[in-house]
Amino acid sequence: QAMRLFPPVPFVSRQLKSDFQQGKYLLPRNSQISISPYVVHRNESIYPNPTAYNPDNFLPERVAARNAYDYIPFSAGPRNCVGQKFAQFEEKIIMAWLLRRYRFTTKRTFESIRYATEAILRPIDGIVVDVEKR
């Protein structure tokens with residue numbers, strides 16, 4: 001759920017292999033396009049109340065009802081991030097270890113955090129957290 005709100009990859013670029021009709025627009029073959037997982041993941045028609053942290057978005061029945069490309073934190077398809085599976089396993093192991101031992105809090109509001117879109121999406125001013133041993 002956190003990677004839906006803050007995908008590590010802010011933009012991916014692709015070159016179209018064939019003409020692509022998007023609504024009334026025709027994108028010709030060889031066009032360069034950019035896709036923003038940040039924008040896709042905040043599409044209200046896919047994720048109701050898209051800026052809310054809601055783990056229920058990933059219940060099996062909700063995942064099954066969505067297109068596979070509606071959640072693309074590491075890009076998707078043949079050119080997705082080669083380290084995606086490793087990164088997700090590593091994240092789960094480290095988070096489980098930390099959350100069993102510590103409690104994390106912050107005084108910053110979700111809305112006050114500003115982000116930079118560089119090679120990765122990152123908070124401009126960092127995120128100050130208080131850590132307390134459980």
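Put simply, M95 and F86 are part of two different groups of oily side chains (I, L, V, M, F, W, Y) that touch within less than 4.5 Å, one to the next. Hydrophobic clustering keeps F58 apart from L99 (ILVMFWY residues linked when any side-chain heavy atoms are closer than 4.5 Å, directly or through intermediates). Note on Y69: it clusters hydrophobically with V40, by side-chain heavy-atom contacts below 4.5 Å among ILVMFWY residues. Both F104 and I94 belong to a single network of hydrophobic side chains, linked directly or stepwise wherever heavy atoms of I, L, V, M, F, W or Y lie under 4.5 Å apart. Connection of L98 to Y53 is established within a shared hydrophobic cluster, with ILVMFWY side chains joined at heavy-atom distances below 4.5 Å, either directly or through further cluster members.
Annotation: Q21, atom CD; neighbour count of heavy atoms from other residues, nucleotides and ligands within 6.0 Å is above 12. Within 6.0 Å of the OH atom in Y25, the count of heavy atoms belonging to other residues, nucleotides or ligands does not exceed 12.
Side chain of S36 to backbone of P10: a donor-acceptor contact under 3.5 angstrom is found. Counting only distance, with no hydrogens or angles, the side chain of R4 and the backbone of P55 share no donor-acceptor pair below 3.5 Å.
Considering all non-hydrogen atoms of both residues, P73 and P8 come closest at O-CD, 3.4 Å. Heavy-atom minimum distance, N43 versus S45: OD1-OG, 2.7 Å. For the residue pair I113 and R108, the shortest heavy atom distance occurs at CA-NH2, 3.5 Å. Between L121 and Y115 the shortest heavy-atom distance is CD1-CB, 3.8 Å. Taking both residues in full, the closest heavy atoms of D56 and R62 are given as O-CD, 3.1 Å, listed atom of the first, atom of the second, then distance.
Ring to ring, Y47 and Y71 are not that close: their centroids are 6.0 angstrom or more apart.
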Self-check item: Verdict with supporting geometry, R29 and L16, side-chain contact (heavy atoms from CB on, under 4.5 Å)
Solution: CA-CA 5 Å; R29 178 178 183 261; L16 296 177; 5.7 Å; no
Validation: residues 123-133 side-chain donor-acceptor distances under 3.5 Å, sequence neighbours left out:
unit_1 : atom_1 : unit_2 : atom_2 : d
D125   : OD2    : R114   : NH2    : 3.3
D130   : OD2    : K107   : NZ     : 3.2

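Counting heavy atoms from C-beta on, the side chains of I72 and V12 never come closer than 4.5 Å.
The line from CG of N57 to CG of D70 is 11.0 Å long, rounded to the nearest 0.5 Å. Here CD1 of I35 is found 11.5 Å from CZ of F11. Values are rounded to the nearest 0.5 Å.
In this structure, R42 satisfies the cation-pi test against Y38, with its NZ or CZ atom closer than 6.0 Å to the six-membered ring centre and inside 45 degrees of the ring normal.
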